Amino acid sequence: MDCLKVEKMESQNQHPPQPQEPSKLGTTFSRTCFNGLNTLSGVGILSIPFALSEGGWLSLILLFLLALLCWYTGLLLQRCMDANLHIRTYPDIGDVAFGLKGRITISIFMYLELYLVAVEFLILEGDNLNQLFPNMGFNMAGIKVGGRQCFVLLTAVVILPTTWLKNLGLLAYVSAGGVLASAVLVACVFWVGAVDGVGFHEGDVLLNMRGLPTCISLYLFCYCGHAVFPTLCNSMKDRSQFSKVLLVCFITSTITYGSMAVLGYLMFGQYLNSQVTLNLPIRKISSRIAIYITIINPLTKYAIVITPIAAAIEEARPFRNSRVISILVRTLIVISTVLVALMVPFFSYVMAFVGAFLSVTVSVLLPCLFYLKINVAARRFGLELVTIIGIMVIGSLVGVVGTYTSLKEIVNRILN
């Protein structure tokens with residue numbers, strides 16, 4: 001779904017070409033629901049059990065509250081679009097609200113979020129392939145390259161040619177299986193616990209205050225689909241139905257995330273790794289299926305995730321329409337994400353940083369700010385204004401505390 005962000009970063013003055021969008025995204029209610037679910041169904045499902053283990057059972061209440069909060073901010077984005085029919089994308093909303101500064105601000109946060117998600121894909125590949133083949137490694141120029149680092153480099157070599165493709169239509173069709181993959185992953189984890197002998201007898205912490213910042217940040221990461229919501233809304237024949245789409249998507253994804261969190265925590269308790277697949281008994285067929293699904297998904301989505309970043313650079317006047325520059329830019333992006341993945345190989349804490357800093361900004365704070373700026377009536381004192389201000393205060397606190405905690409953990413692990 002992230003490849004949809006490529007095309008819409010330039011024009012604010014033209015009417016959207018309505019006949020073209022339906023052919024790309026589909027225009028029916030059910031098709032838009034599927035696209036929205038695919039947007040929300042990501043790698044967050046792997047760390048949701050770890051998030052629950054960090055916060056304890058009562059933190060599940062926060063998962064539901066954050067889902068409600070992000071659903072509401074999604075509605076605010078829809079209302080911003082209803083106020084100006086020229087709006088097609090999230091950057092367009094920023095432009096209408098605060099001009100060029102608003103467009104640039106939201107674009108920076110969107111691209112940084114996508115970049116770190118690409119880094120997460122490489123970390124995930126390295127961890128899970130090392131789980132399947134634990135004794136891999138090689139020497140390069142006298143330097144020992146361990147199994148996890150080896151697989152990060154190998155993954156980069158495999159996905160590099162896919163990033164050179166300008167037309168990602170085929171990859172978009174492949175990645176549409178993300179919703180099914182998430183469901184199969186939950187089923188495999190349940191099978192491991194119920195049939196393969198692991199059982200459901202762990203998880204006895206009711207509330208862990210020290211782990212709440214990390215827990216909340218990981219929960220927020222799971223609901224960071226707001227960058228795509230305006231595009232999905234614009235694709236519908238009846239845009240007024242988008243509020244129902246959001247409701248279906250958030251209810252379904254919360255059920256999926258909640259199920260995985262409860263299953264993983266009951267199975268492994270406080271012994272959970274950053275990704276639940278790293279806890280699964282490797283000799284079981286169901287475990288291998290779960291890990292294979294985990295490995296294949298990022299391979300199909302990496303190119304789609306970095307395409308908006310590459311396209312923004314390629315659209316600069318000196319580089320426009322140059323195939324050589326395009327390949328060079330995309331190759332350098334891949335190399336840079338590999339370097340970051342090797343230097344900061346901490347899946348859960350990188351995800352927590354993305355959730356606390358970027359997801360809070362893109363999915364909580366900016367929708368509120370943009371809505372208040374565009375909708376003058378919303379600034380009048382009343383329940384709506386109090387609700388929005390409350391959301392912004394809560395979001396700011398979560399963002400500051402979560403960002404500090406995740407960065408502190410990352411720095412400590414690097415130094416140690």
Side-chain angles (χ1 to χ4, degrees), residues 1-6 42-44 46-47 107-130 140 143 145-166 168 171-172 174-175 178 218 221 224 227-228 274-275 294-316 319 325-359 362 403 406-407 409-411 413-414:
M1 298 306 300
D2 295 301
C3 61
L4 303 172
K5 301 172 190 172
V6 177
V43 295
L46 298 175
S47 283
S107 298
I108 290 173
F109 279 103
M110 280 175 52
Y111 293 146
L112 183 56
E113 185 176 39
L114 291 176
Y115 183 85
L116 290 178
V117 168
V119 171
E120 286 281 76
F121 283 161
L122 294 177
I123 299 174
L124 183 151
E125 293 292 295
D127 289 344
N128 283 278
L129 284 169
N130 190 50
M140 184 173 62
I143 301 175
V145 179
R148 197 194 62 78
Q149 293 85 357
C150 169
F151 287 120
V152 169
L153 293 172
L154 180 62
T155 299
V157 171
V158 171
I159 64 177
L160 181 59
T162 68
T163 66
W164 297 338
L165 299 174
K166 284 278 192 173
L168 295 179
L171 283 176
V174 174
S175 68
L218 291 173
F221 181 90
C224 59
V228 183
S274 61
Q275 304 157 52
T294 300
I295 290 170
I296 292 172
N297 254 346
L299 293 177
T300 63
K301 292 183 177 180
Y302 182 97
I304 296 174
V305 166
I306 71 161
T307 291
I309 308 171
I313 299 173
E314 293 162 14
E315 284 300 310
F319 306 141
I325 292 296
S326 174
I327 292 176
L328 178 62
V329 166
R330 291 161 190 258
T331 302
L332 290 175
I333 291 175
V334 173
I335 293 173
S336 68
T337 57
V338 169
L339 293 175
V340 176
L342 293 175
M343 290 187 295
V344 192
F346 314 119
F347 184 84
S348 60
Y349 293 112
V350 173
M351 184 180 290
F353 171 75
V354 174
F357 180 56
L358 299 173
S359 297
V362 174
T403 301
S406 57
L407 286 178
E409 289 288 347
I410 290 172
V411 171
R413 288 171 181 265
I414 290 176

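Everything numeric in this text was worked out from a predicted model, so none of it was measured.
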Review point. For D127, which residues count as a side chain to side chain donor-acceptor pair (under 3.5 Å) partner, sequence neighbours excluded?
Key: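 Partners of D127 by the side chain to side chain donor-acceptor pair (under 3.5 Å) criterion, ordered by chain and then number, come out as Q275.
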
**Study point:** Contacts of S359 that satisfy side chain to side chain donor-acceptor pair (under 3.5 Å) - sequence neighbours left out
**Key:**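 Partners of S359 by the side chain to side chain donor-acceptor pair (under 3.5 Å) criterion, ordered by chain and then number, come out as E113.
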
Minimum heavy-atom separation for [X] and [Y], please, with both atom names.
X    : Y    : answer
I414 : F346 : CG1-CE1, 3.6 Å
T331 : I327 : OG1-O, 2.7 Å
S406 : Y349 : CB-O, 3.7 Å

Please table the atom pairs, donor to acceptor, closer than 3.5 Å between any side-chain atom in residues 336-345 and protein atoms at least two apart or in another chain.
from	atom 1	to	atom 2	distance (Å)
S336	OG	Y115	OH	2.8
S336	OG	L332	O	3.3
S336	OG	I333	O	2.7
T337	OG1	Y302	OH	2.6
T337	OG1	I333	O	3.3
T337	OG1	V334	O	2.7

Study note, to complete from the structure: Taken to the nearest 0.5 Å, the spacing of L124 CG from T294 OG1 works out to 6.5 Å

Check your understanding: Nearest 0.5 Å, what's the CD1-OH distance between I313 and Y111?
Key ->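 Rounded to the nearest 0.5 Å, the CD1-OH separation comes to 9.5 Å.
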
How would you list, by chain and number, every residue that makes a side-chain contact (heavy atoms from CB on, under 4.5 Å) with [X], sequence neighbours excluded?
X    : result
L407 : F353, T403
T155 : L122, E125, L129, I159, L299
S274 : L278, F347, S348

**Study point:** Side-chain (E120) to main-chain (V350) donor-acceptor, under 3.5 angstrom
**Key:**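 Judged by distance alone, no pair lies under 3.5 Å.
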
Check your understanding: For the side chain of N130 and the backbone of G126, is there at least one donor-acceptor N/O pair under 3.5 Å apart?
Key -> no

Do [X] and [Y] have side chains that approach each other closer than 4.5 Å (heavy atoms only, starting at C-beta)?
X    : Y    : result
R330 : T307 : yes
V117 : F221 : yes
I306 : L114 : no

Practice item. List the steps, then state whether side chain to side chain contact (heavy atoms under 4.5 Å, CB included) holds for L116 with L358. Key: CA-CA 10 Å; L116 290 178; L358 299 173; 3.8 Å; yes

